[in-house]
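Have a look at the structure below before the remarks.
Residues take their numbers from the sequence shown, with the count starting at 1. Order of listing sets the numbers, starting from 1, for every ligand and every atom in it.
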Amino acid sequence: MVNDPGLTISESAARGTADDCVLVLIGALGDLARRKLYPALYRLAAEGLLSPDFTLVGVDRVADDDASYAKAIGESLATADDTGGSVNPDALDRLTRGARYIKGDLTDPALYRAITATLESITAAGGSANRMFYLAIPPSLFLRVIESLSKSGAAPRTQENEEQQKGPWTRLIIEKPFGRDLASGRTLNTELLARFAEPQLYRIDHYLGKETVQNILAFRFANAIFEPLWDRGSIASVQITAAETVGVETRGSYYEEAGVVRDMFQNHLMQLLATTAMEPPGAMTATAVRDEKVKLLRAVRRFDAVALRESVVLGQYAAGTIKGEHVPAYRDEPAVAPDSTTPTYAALRVFVDNWRWEGVPFYLRSGKRLATRVSEIAIRFRRAPGVLWPRAARRTMDANELVVRIQPDEGITLSFQAKRPGAALSLTPEMELSPVRMRFSYAEDFGGAPGPAYETLLLDAMLGEATLFARSDEVEQAWSIVDPIVAIAGPDHTPEFYPAGSDGPIAANAMLAADGAFWRGLISGLPPGREPAPRQKEPAAR
Ligand code: BG6
């Protein structure tokens with residue numbers, strides 16, 4: 001496919017340099033900051049997208065002073081995947097010049113006085129008066145930190161409508177999880193909205209920052225060919241997959257509390273579903289896009305007792321082999337209970353009860369320690385009538401499928417039927433049809449893989465562009481969909497065990513088989529869904 005050859009991803013993403021601001025990173029030397037946030041900020045600095053008037057303020061308990069903080073940032077970048085280990089000293093200097101570090105305990109009021117004093121001193125010295133707070137901290141601390149930032153005056157409430165606001169702005173970027181369930185999600189929203197206006201809040205879902213996810217909107221609404229087919233008349237089913245090969249790694253204690261439904265479904269998968277299925281917004285503005293997503297999430301049929309039994313599969317990984325290496329069972333991971341029932345995999349059959357989608361199943365699955373790392377949305381169209389073709393051809397004839405590959409090998413593929421070549425196979429009873437593919441690849445068409453999601457999202461937040469962030473009602477709708485699933489995934493529920501390195505639990509295949517459908521295979525080369533992983537016995541508790 002053809003694109004403007006003069007346009008690179010970073011150029012198309014560059015809507016201008018970020019507003020000047022002081023970025024206060026709370027949890028400055030935690031895992032998220034080191035692995036994702038500094039690489040993203042560094043890339044913005046390297047691409048000239050950070051304002052010259054940008055100052056970083058780190059808040060944590062790890063470093064000793066400003067110099068050791070700046071050094072720790074350099075060290076994080078040198079080992080980060082997103083920088084490939086090569087760090088340009090000028091860009092690093094742009095990022096860390098003037099960086100300040102405030103050491104302290106997040107439960108100590110003195111820390112917030114220190115933050116306020118530091119911000120005031122930066123402004124007094126001619127630095128920016130705009131304040132961006134990034135809460136890269138455990139959820140158990142959210143409420144306390146939000147309250148302290150507000151009470152201390154470090155993060156003042158600004159006007160409801162930022163566009164009408166004259167003075168400096170204050171914004172908060174909040175990491176997931178936004179609560180543990182609907183009730184706590186609501187409490188968090190209530191507490192936030194008691195202190196800040198909604199336009200000040202940027203609830204981050206890094207999936208929305210992925211180029212390929214943003215491209216779903218471009219694909220759907222900037223092309224005339226597909227949208228007329230985007231409904232129950234032409235589409236038989238939709239499959240949304242976020243499969244990972246990694247296990248829980250060092251996050252056992254967080255994951256024990258979260259499980260896959262809170263960790264992936266409440267946020268990333270619900271966002272993918274909403275983006276794929278929403279109606280066209282009235283305009284490409286944060287309000288219009290988020291209004292449509294909320295409408296869509298509202299139309300998602302809630303899980304009742306029957307649906308919980310028939311349309312939900314929960315699994316947990318047992319020991320197995322990934323890329324030739326033996327990996328332990330979830331129950332043997334550090335900080336995981338030996339008899340844990342936490343699901344590391346879930347598959348759902350979801351219906352959207354609106355005019356466009358009535359009766360079309362959306363199959364959603366996500367899991368850790370699966371055969372391959374792949375996130376994709378597969379739109380399966382209805383089969384063409386086979387009546388014209390000989391019996392052999394009908395057997396090999398498949399439905400059209402449009403696959404939006406979110407990662408890796410980012411791109412879009414459309415499969416359709418072609419006649420297998422060969423004179424002996426010309427229009428005779430032996431003639432065969434075979435699926436072939438048309439492919440758009442980011443790497444080939446745009447000359448490189450898309451930039452990391454956090455880069456887009458940090459720039460957007462600094463520009464006051466909230467479209468790619470979750471609004472309070474979106475978060476609550478997503479919770480209300482997954483809440484019943486979270487409720488059954490407790491200690492009384494035994495997940496099905498699947499071997500690490502497989503396609504997931506067998507019950508997930510059976511759920512689709514009941515509809516005459518199958519999952520797209522995760523292990524390349526195997527016919528999709530036709531080779532279920534061997535059932536694994538429940539591992540004995542340690
Ligand atoms: C995070 C989850 O939000 O997303 C992780 O907490 C998960 O458990 C990660 O591994 C997956 O993100 P990505 O971008 O690697 O698909």
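Scanning the protein for heavy atoms near atom 11 (C) of ligand 1, the closest one is E244 OE1, 3.6 Å. Protein heavy atom closest to atom 12 (O) of ligand 1, with residue, atom name and distance, is H206 NE2, 3.1 Å.
Shown in contact with H268 at under 4.0 Å from a heavy atom are these atoms of ligand 1, numbered in order with element: 1 (C), 3 (O), 4 (O). Less than 4.0 angstrom separates some heavy atom of D263 from each of these atoms of ligand 1: 2 (C), 5 (C), 6 (O), 8 (O). Under a 4.0 Å criterion applied to the non-hydrogen atoms of K368, ligand 1 contributes the atoms 5 (C), 7 (C), 8 (O), 10 (O). Within ligand 1, the atoms closer than 4.0 Å to a non-hydrogen atom of K210 are 13 (P), 14 (O), 16 (O), numbered from 1 in the order shown.
Counting heavy atoms under 4.0 Å from ligand 1, residue Y255 does not touch it at all.
Using a 3.5 Å distance cut-off with no hydrogens or angles, the side chains of Y255 and T344 do not pair a donor with an acceptor.
Screening L297, D205, V213 for a side chain to side chain contact (heavy atoms under 4.5 Å, CB included) involving Q271 leaves a single residue, D205.
One distance of note links CZ of F54 with SG of C21; it measures 5.5 Å at 0.5 Å rounding.
Between Y454 and H206, the ring planes lie parallel to each other; the angle is under 30°, not in the 30° to 60° tilted range.
Within 6.0 Å of CZ on R302 lie more than 12 heavy atoms contributed by other residues, nucleotides or ligands.
Aromatic ring centres of F219 and F221: separated by at least 6.0 Å.
The N/O atoms of S375, backbone and side chain alike, include none that comes under 3.5 Å of an N/O atom in ligand 1.
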